[in-house]
Amino acid sequence: MTQSDKTGGTDRPSPRAQVRAIDPSTLPKHLDADEISARWDRFWQDEGVYHYDPSRGRDETFVVDTPPPTASGSLHIGHVFSYTQADVVVRYKRMTGMNVFYPMGWDDNGLPTERRVQNYYHIRCDPNTPYEAGLRFEQASAADRKKPARLVSRPNFIEACFDLIREDEKAFSVLWHRLGLSVDWRQEYQTIDAHCRRVAQLSFRDLYDKRHVYTSEAPMMWDVDFQSAIAQAEVEDKQIPGAFHQIEFAIEGEPAARIVIATTRPELLPACVGVTAHPDDERYKPFFGKRAVTPLFRAPVPIFPSELADPEKGTGILMVCTFGDQTDVQWWRTQGLALRQVIGIDGRLRPVDFGQAPFESLDVPRANAAYAELAGRNVKQAQARIVEMLRDPEASATGSGAPLVRDPEPIQHSVKFYEKGDRPLELLPTRQWFCRLLDRKAELIAKGEQVEWHPAHMRTRFRDWTENLSIDWCLSRQRYFGVPIPVWYPLDGDGQPDYDHPIVAEAASMPVDPTTDVPPGYTEAQRGRPAGFVGDPDIFDTWFTSSLTPQISSHWGTDPERHARLFPADVRPQGHDIIRTWAFYTIAKALLHEDSVPWHHALISGWILDPDRKKMSKSKGNVLTPLPLIETYTADAARYWAASARLGADTAFDENVWKIGKRLVTKLFNAAKFVLSQEAEVAPISHELDLAFVAQLRALVDSATKNFEAYQYAHALQETETFFWTRFTDTYLELTKARAKGEGAGTPAGRNPAEVDLASGSAVASLRLGLSVLIRLFAPVLPFVTEEIWSWAFAAEVDPAAPAARRSVHRAAWPSAADFEGIASPAHAGSFDVAIAALAAINKAKADGAVSMAREVSRLVLQATAATAEVFASVRSDVLAAARVAHCEVEIEPGLEAGAVAVRAIEFAERPADGA
RNA sequence: GGGGCGUUAGCUCAGUUGGUAGAGCACCGUGUUCACACCGCGGGGGUCACUGGUUCGAGUCCAGUACGCCCCACCA
């Protein structure tokens, strides 16, 4: 039983196929890469070469959790890089006989799409605008963009999103086909489609039933431009200029006393609810328990000690505001401070009244007058204005001059931003849904340990992130284009929502949109009415859906049989920048739903850096688009470039590598034409040189296979490529050329024709075996040119009754011991190397003599050790034929290294006359 | 502040368990149109970032330093 019988999905040609030479004139003179790639892509799709076979068992199925690209992004050379790396691994697995499940999704829901739609059409979603059926938009012109954005209804906005992602997904799809990704296009999904919405809502329902999710009204990180809550994972620090402002506060009941606090956010002065310093700080000890009074607003606030205050920073004493940062939140909670929210959801200071709780002032008219100067301004404007006001001595709470005691001191400090945002995040108290993760850290880390990360050190990124999590996962987003949270709230007699008793949609009704669907037991007429209900207007964090990609593909919750066959997946390819998001949340979901890992291997790809080693990004303007490069160098060359980099390695972009890839493709094409046009009688591989070549080929197959098994495709490619050039085209082909044609200087005239046939047949069989094996070793990286070559000869060796898909090289068996069955070992392990050494020595002598490599040698004296000379004798005729040597003697020179061959004397024949 | 990765030829990168430094590109020389000018053959070029240590022997193992990139934390 052969390997292919066992695995059932592939076919291996017989190593002793009948030699049917191809008439080279029937093959194209030059390789037309565009034509080939279009033709084979069509063949692969039409014949279903990459189709998943659900009838085969889990143990012989290889499941890929493909990254769904963000459809709203632009095509980027990095996409070619990472998707190709995954595809190379997948193609290898397919050739080992695995039944590959390789889907493609589009991550189109969420903020990135909304932002792109807003910019592209220059529109904004306004839920209060009425729907206009049939409304379509054009890409906004530069002139349009100068005008205010057009407000459109939520359904119109969502339609616009769908319109745009359709275009974007088409562009990606074209690139994937061009690159030859071996995706099963029947397994396509969009994270916004009904199936994904349903899976996401089922996930929520399951988490709700298991008490993993909860709502809470708490200060959350908030992006004022997108007007949505943001999760910890989406936050990034940016260094921006700021300034320390030293502001003087009075002490209540102590007219002579004062304290000077330092702050970078003076505009939050009206939101001040306390003052704190380190408990051991002698400067401030006397004030603990007393109340400070703020300038301008004259608000009395408690002064309390806190270990969290650093005496070395600023003035050692600081104001606590609702909310400047996370520490403020902590103090607010532990000290039971008032909540004076001045920043609104739009990032502007909202109207407040200091005469009414929670605001408070010892001089209400003055406080309100001061605040009137700030209300309606954004943070930046308010800061500028309040600094002006604080320079006014009249504003003092102590009567001792301007509250701003010195000019602001400029500093650079890091501030939290939404990763896609333009302005710093604010902390706003809002009601959000959360998923409990903090109490599951140990289990999350354990699941991360169960996954094999490639490269292994990427595991550390996951562990670090998980260990340092500080808030639960905020699931809700105040946006429009996404999966609705499937929840309604009952309204009490006053029309106030009862958030403690949410009505969560039943699984059978999903997907639902609570803003249009009605919860069980209610009618639409009760929407928004007292004792009625209200739908949760929010959508899920995009990651809530994309963290389910393994379950989306496996149809978790709807098709248990399929789920069992496809979950957990085998590999998750992804970038290292989203370990803390996509990988983390996916592991979290698999843990919470089924106490499982989502996949067994994580393949982490690196980044493409520009030649200055900076990350390529749109904002830096150093992004390369892939299609023009592919047109110049071919898709196979693009893949060669991507596959030359190891997993996880950030790589400087180097166009040279594309060039080398293209050269390899051409060389393969030409070498194959040559090999397949050799004619010979069928004969076993028996000649010493051939046996020695095959022995090295066998070693290559072993090594390449080991490397692929360890996801070291780059090493496998490199060794295959080196072998191809140095052991095949430059050497073996040259050494056997003459013998294959049944001629050669080493063949004595009048030799037995049967012997000539045997020698020739052995050479041609070895050449074809070498080509067949090399083509298959290259196939995962160079799918187009290898398929083309395979089709010339090897595809015909497949059972004609088998489906056409089986004739693809991509369904052929990965080279293995089976290819070398019955082929003897060479008499001398080193005979191929000695032949190469001898040929190289003669070539060098020709180069030194500045004669053509094709020049005949009339007399040659070689030197070698006795042992090497004996080995040489076994390959002598091939070497002399390749080097065109008429007469050769070998002298024994014991001083040489084993295996070395030196030229002691060489005489060249007269150059044949021109035109002879 | 904690951690990860990296530093090898002009450039992009390989270097398995320690055993005399590799490839391609670029460069120089040279040849050639009979699979391949998207070609062949040959050549020059490196104190393996630095300092110690272990060892008969270190690019490789250990400790430290410097530089670069990244992750995390802090950020009044």
Side-chain angles (χ1 to χ4, degrees), chain A residues 24 27 29-31 33 237 239 242 244-246 261-265 268 275-277 308-310 313-321 324-328 411-416 455 457-470 576-577 579-580 606-607 609 611 613-615 633-634 637 641 644-646 648-657 659-660 662-678 703 706-707 712 714-715 718-719 721-722 725-726 729-730 733-734 737 741 839-840 842-855:
Chain A
L27 296 177
K29 176 97 178 97
H30 295 290
L31 172 130
D237 292 347
Q239 284 286 331
F244 264 129
H245 299 76
Q246 297 202 356
I261 62 99
T263 180
T264 55
R265 305 225 29 203
L268 289 179
V275 166
T276 187
L308 297 174
D310 181 353
K313 269 195 182 153
T315 56
I317 190 161
L318 63 140
M319 67 172 181
V320 178
C321 307
D325 62 22
Q326 282 294 347
T327 333
D328 282 346
I411 53 162
Q412 281 291 125
H413 62 159
S414 60
V415 175
K416 289 188 192 310
H457 66 83
M458 291 298 177
R459 182 193 310 276
T460 315
R461 298 242 187 136
F462 175 82
R463 201 191 310 117
D464 283 356
W465 173 256
T466 310
E467 279 170 358
N468 287 313
L469 264 192
S470 58
H576 56 66
D577 49 334
I579 289 175
R580 70 177 190 175
W607 277 337
L609 309 174
R613 304 210 71 89
K614 296 279 184 303
K615 189 190 174 185
Y633 295 104
T634 79
W641 163 74
S644 295
R646 293 166 301 154
D650 291 348
T651 306
F653 182 79
D654 183 2
E655 200 163 324
N656 243 321
V657 181
K659 211 162 101 189
I660 299 159
K662 185 173 183 184
R663 174 175 308 183
L664 172 63
V665 168
T666 305
K667 191 75 174 179
L668 260 174
F669 179 84
N670 287 313
K673 271 204 307 191
F674 170 75
V675 167
L676 293 175
S677 62
Q678 301 305 302
S703 179
K706 273 195 197 100
N707 277 322
Q712 306 267 24
H715 286 99
Q718 192 178 52
E719 64 190 344
E721 185 191 8
T722 301
W725 288 101
T726 69
T729 63
D730 292 348
L733 238 56
E734 297 301 330
K737 234 176 207 177
K741 293 182 196 305
L839 182 60
I842 301 166
N843 280 341
K844 178 157 163 49
K846 286 181 178 175
D848 290 345
V851 303
S852 156
M853 295 302 128
R855 181 75 76 86

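Order of the sequence lines fixes the chain letters, A, B, ..., with proteins taken first and strands second; residue numbering starts at 1 for each chain. Bear in mind the structure is a predicted one, so any value in this text is a computation, not a measurement.
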Side chain to side chain contact (heavy atoms under 4.5 Å, CB included) assessment of A/T276 paired with A/L318: CA-CA 6 Å; A/T276 187; A/L318 63 140; 4.0 Å; yes

Would you sort out whether A/K662 and A/V665 count as a side chain to side chain contact (heavy atoms under 4.5 Å, CB included), showing the intermediate values? CA-CA 5 Å; A/K662 185 173 183 184; A/V665 168; 5.5 Å; no

Could you give me the CA-CA distance, side-chain angles and deciding distance for A/D237 and A/K416, then say whether side chain to side chain contact (heavy atoms under 4.5 Å, CB included) is met? CA-CA 5 Å; A/D237 292 347; A/K416 289 188 192 310; 3.7 Å; yes

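Across B/C72 and B/G64, the matching P atoms stand 25 Å from one another, rounded to whole Å. Nucleotides B/A58 and B/C67 place their P atoms 28 Å apart, quoted to the nearest Å. Rounded to the nearest Å, the gap between the P atom of B/U65 and that of B/C11 is 27 Å. Taking atom C1' in both B/G45 and B/C5, the straight-line distance is 29 Å, to the nearest Å. B/U8 and B/G3 are spaced 25 Å apart, taking the P atom of each and rounding to whole Å. Across B/U54 and B/C69, the matching P atoms stand 35 Å from one another, rounded to whole Å. Taking the P atoms as reference points, B/C39 lies 9 Å from B/C25, given to the whole Å. Nucleotides B/G18 and B/C36 are separated by 48 Å at their P atoms, to the nearest Å.
The NE2-P distance, from A/H457 to B/G6, rounds to 6 Å in whole Å. When the C1' atom of B/C41 is taken as reference, atom CG of A/L733 falls 16 Å away, rounded to whole Å. For A/N468 and B/G1, the CG to P distance is 17 Å, given to the nearest whole Å. Atom CZ in A/F669 sits about 11 Å away from atom P in B/C36, given to the nearest Å. Per the geometry, CD belonging to A/E467 stands 12 Å off P belonging to B/A73, to the nearest Å. Distance CG (A/N670) to C1' (B/A35): 5 Å, rounded to an integer number of Å. Taking atom CG of residue A/D654 and atom P of nucleotide B/C11, one finds them 12 Å apart after rounding to whole Å. Atom-to-atom, CG of A/D464 to P of B/A73 comes out at 10 Å; the value is rounded to the nearest Å.
Not one N or O on the side chain of A/T327 forms a donor-acceptor pair closer than 3.5 Å with the backbone of A/D325. Remark: the backbone N or O of A/M853 is paired with a side-chain donor or acceptor of A/K846 at under 3.5 angstrom. The closest donor-acceptor contact from the side chain of A/D650 to the backbone of A/W607 lies under 3.5 Å.
If you check B/A66 for Watson-Crick or wobble pairing at under 3.5 angstrom, you find it paired to B/U7. Applying the Watson-Crick and G-U wobble criteria (two distances, each under 3.5 Å), B/C61 pairs with B/G53. Pairing partner, B/C27: B/G43, with both Watson-Crick or wobble hydrogen-bond distances short of 3.5 Å. Checking B/C38 for Watson-Crick or G-U wobble geometry (two distances, each under 3.5 Å) identifies no partner in any strand. Shown here, B/A73 forms no base pair; nothing in the strands shown gives a Watson-Crick or G-U wobble contact with both key distances under 3.5 Å.
One donor-acceptor pair, N or O on each side, does fall under 3.5 Å between the base of B/C74 and the side chain of A/D237. Contact annotation: side chain of A/E734 to base of B/A35, donor-acceptor pair present below 3.5 Å.
Ranked by how close their nearest RNA chain B nucleotide is to the 5' end, A/G314 and A/K667 are led by A/K667. Taking the nucleotide of RNA chain B with the nearest heavy atom to each of A/I660 and A/A847, the more 5' of the two is matched to A/I660.
Neither OP1 nor OP2 of B/C36 sits under 4.0 Å from any side-chain N or O of A/K737. The phosphate of B/C39 has OP1 or OP2 within less than 4.0 Å of a side-chain N or O from A/R663. The phosphate of B/G31 has neither OP1 nor OP2 within less than 4.0 Å of any side-chain N or O from A/R855. OP1 or OP2 of B/G4 has not a single side-chain nitrogen or oxygen of A/H576 nearer than 4.0 Å. Taking only side-chain nitrogens and oxygens, A/K706 never comes nearer than 4.0 Å to OP1 or OP2 of B/U16. At least one side-chain nitrogen or oxygen of A/R646 sits closer than 4.0 Å to the OP1 or OP2 atom of B/A14. Applying the 4.0 Å criterion to OP1 and OP2 of B/A26, one finds that A/K659 has a side-chain N or O inside that range.
Within the nucleic acid shown, A/T263 comes within 4.0 Å of sugar-phosphate atoms alone, with no base atom in reach, counting heavy atoms only. A/K313 comes within contact range of at least one nucleobase, with a heavy-atom separation under 4.0 Å. Residue A/W725 is in sugar-phosphate contact alone, with no base atom involved, counting any heavy-atom pair closer than 4.0 Å across all strands shown. Contact annotation for A/A672: no contact, since no heavy-atom pair falls under 4.0 Å across all strands. Counting any heavy atom pair closer than 4.0 Å across all strands shown, A/D328 reaches no nucleic acid atom. A/R580 comes within 4.0 angstrom of sugar-phosphate atoms only, judged by non-hydrogen atoms across all strands, and of no base. Across all strands shown, A/T729 has heavy atoms under 4.0 Å from base atoms, whether or not it also approaches the sugar-phosphate.
Note that the CZ atom of A/R646 and the CD atom of A/Q712 stand 8.5 Å from one another [nearest 0.5 Å]. The line from NZ of A/K667 to CG of A/D730 is 6.0 Å long, rounded to the nearest 0.5 Å.
Here B/C36 is the nucleotide among B/C72, B/C36, B/C38 with the atom lying nearest to any side-chain atom of A/K29. Comparing B/A35, B/C41, B/G4 by their closest approach to the side chain of A/A671 singles out B/A35. The side chain of A/Q718 lies closest to B/A14 when the candidates are B/A35, B/A14, B/C41. Among the nucleotides B/A35, B/G15, B/C71, the one closest to the side chain of A/H715 is B/G15. Nearest to the side-chain atoms of A/A840 among the listed nucleotides B/A35, B/G42, B/C75 stands B/G42.
Annotation: cation-pi geometry not satisfied between A/K313 and A/F244 (NZ/CZ under 6.0 angstrom from ring centroid, within 45° of ring axis).
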